[in-house]
Every structure is written in structure tokens, then in C-alpha cells.
Amino acid sequence: MDNHSYNFPSDCTPLTNCKSARKPAGSTAVNMGDAGKCPPRDYLLWSLCNTFYVNFCCLGFMALIYSIKARDQKTIGNLQMAQECSDKAKWYNILAAGWNLLIPLLAIVLLVLLLVHLGTSQGNFDFFGEDGFQNFMNLFSW
């Protein structure tokens, strides 16, 4: 059909606004998938911090691996696997953060206890003399 053979209604020409000849617009629905559900978190920054600080038993490194896997699966669109990797990364991060706090606290407590014990003990200790080892072991006996 070319433009020369088309007959316009009498009140509507191509250069005028013709509302009477238009059909009412229908509605369009777009399926966005699971738009209400948030994608799982990957905990990447937390994993990096746990990896670079203390990293006891490589727990921070394991968390980093699962964080990267979670991010990859989320990018691919596999949200179920991304959620599983995210949960593992979260628990490895919790364990690593717990160890990262516990080890320095234990070292501080042991240092304080040693200093308190040294402060309450009497006498001068010669660690490198005849009874050096025995004097050293006496420090740790209550």
C-alpha cells in the first residue's frame, strides 16, 4: 500500500492531529521475571578484609573464593547457586572474623597475665645462669 492510494478520513489529514480516527491504546505487560526478589549478596569486601588480616587457617581465603563464585553465579543468572555460595562465604567470613578477634585477644590476655605474675613474683631471676631453665619454668607455675 502506498501513500497515494490511502484515503484519509475527511476530518483527518496527515499533517493534522486526528483523535477521532485513532483506536484506543491497549495495555502492554512486560514480564520482568522475579523482580521483587533481591539477588544474594556476595560479601566480597568482607572476604578481602578477612583474607588480608591474620587469615587464620585460610578461612578468609575460602570466604574470598566463595564470594567470587557467588558473584559469578549472580552474573550468569543462576540465583540458586549464587545463594548457596553466598551463604558459605558468609559463614567462612563469620568464622574468620571470630578467629581474627579471638587470637589477638588471647595474646593480650596472656601477656597481661604474664606481666601480673612477674609483678607478684619475688626475687631476681637469672635466666642464663645455672638455674635459668628452672627459674623460667617457675614463672608459669601458680
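Nothing here was measured: the structure is a model prediction, and the numbers come from that model. When reading the values below, keep in mind they use all heavy atoms of this one structure, side chains included, and skip hydrogens, waters and symmetry mates.
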Review point. If you look at every heavy atom in Lys69 and Cys85, which pair is closest and at what distance?
Key: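 Scanning both residues, the minimum pair turns out to be CB-SG, 3.8 Å.
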Exercise for review: Indicate the atoms forming the closest heavy-atom contact of Trp99 with Leu59, along with that distance.
Suggested key: CD1-CD1, 3.5 Å
Point to revise | Any residue meeting side-chain contact (heavy atoms from CB on, under 4.5 Å) with Leu101, in chain and number order, not counting sequence neighbours | key: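 Counting only residues at least two positions away or on another chain, Leu101 forms no side-chain contact (heavy atoms from CB on, under 4.5 Å).
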Review point. Partners of Val112 by side-chain contact (heavy atoms from CB on, under 4.5 Å), sequence neighbours excluded?
Key: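 So Val112 forms a side-chain contact (heavy atoms from CB on, under 4.5 Å) with Ile108, Val116.
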Point to revise | Check: Asn78 side chain, Gln73 main-chain N or O, donor-acceptor pair, under 3.5 Å | key: no
From [X] [atom1] over to [Y] [atom2], what is the distance, rounded to the nearest 0.5 angstrom?
X: Tyr66; Y: Phe61; atom1: OH; atom2: CZ; answer: 12.0 Å
X: Leu79; Y: Glu84; atom1: CG; atom2: CD; answer: 11.5 Å
X: Asn93; Y: Ser86; atom1: CG; atom2: OG; answer: 9.5 Å
X: Ile68; Y: Leu48; atom1: CD1; atom2: CG; answer: 7.5 Å

**Study point:** Partner set under side chain to side chain donor-acceptor pair (under 3.5 Å) for Asn100, not counting sequence neighbours
**Key:** Asn50
Point to revise | Set of side chain to side chain donor-acceptor pair (under 3.5 Å) partners for Ser67, sequence neighbours left out | key: Ser47
Under the salt bridge (charged side-chain N to carboxylate O under 4.0 Å, His left out) rule, what pairs show up with a residue in [range], not counting sequence neighbours?
range: residues 86-100; answer: none
range: residues 52-67; answer: none
range: residues 70-81; answer: Asp42-Arg71

Exercise for review: Linking directly or through intermediates, with side-chain heavy atoms under 4.5 Å: list the remaining ILVMFWY members grouped with Tyr43, chain and number order.
Suggested key: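 For the cluster that includes Tyr43, the remaining residues are Trp46, Trp91, Ile94.
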**Study point:** Members sharing Leu45's hydrophobic cluster (side chains within less than 4.5 Å)
**Key:** none
Check your understanding: Under 4.5 Å between side-chain heavy atoms, hopping through other hydrophobics if needed: is there a path connecting Ile65 to Ile76?
Key ->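 They do not share one cluster, since no chain of ILVMFWY contacts under 4.5 Å joins Ile65 to Ile76.
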Exercise for review: Sequence neighbours left out, what passes salt bridge (Lys or Arg N to Asp or Glu O under 4.0 Å) with Arg41? Give chain and number order.
Suggested key: none
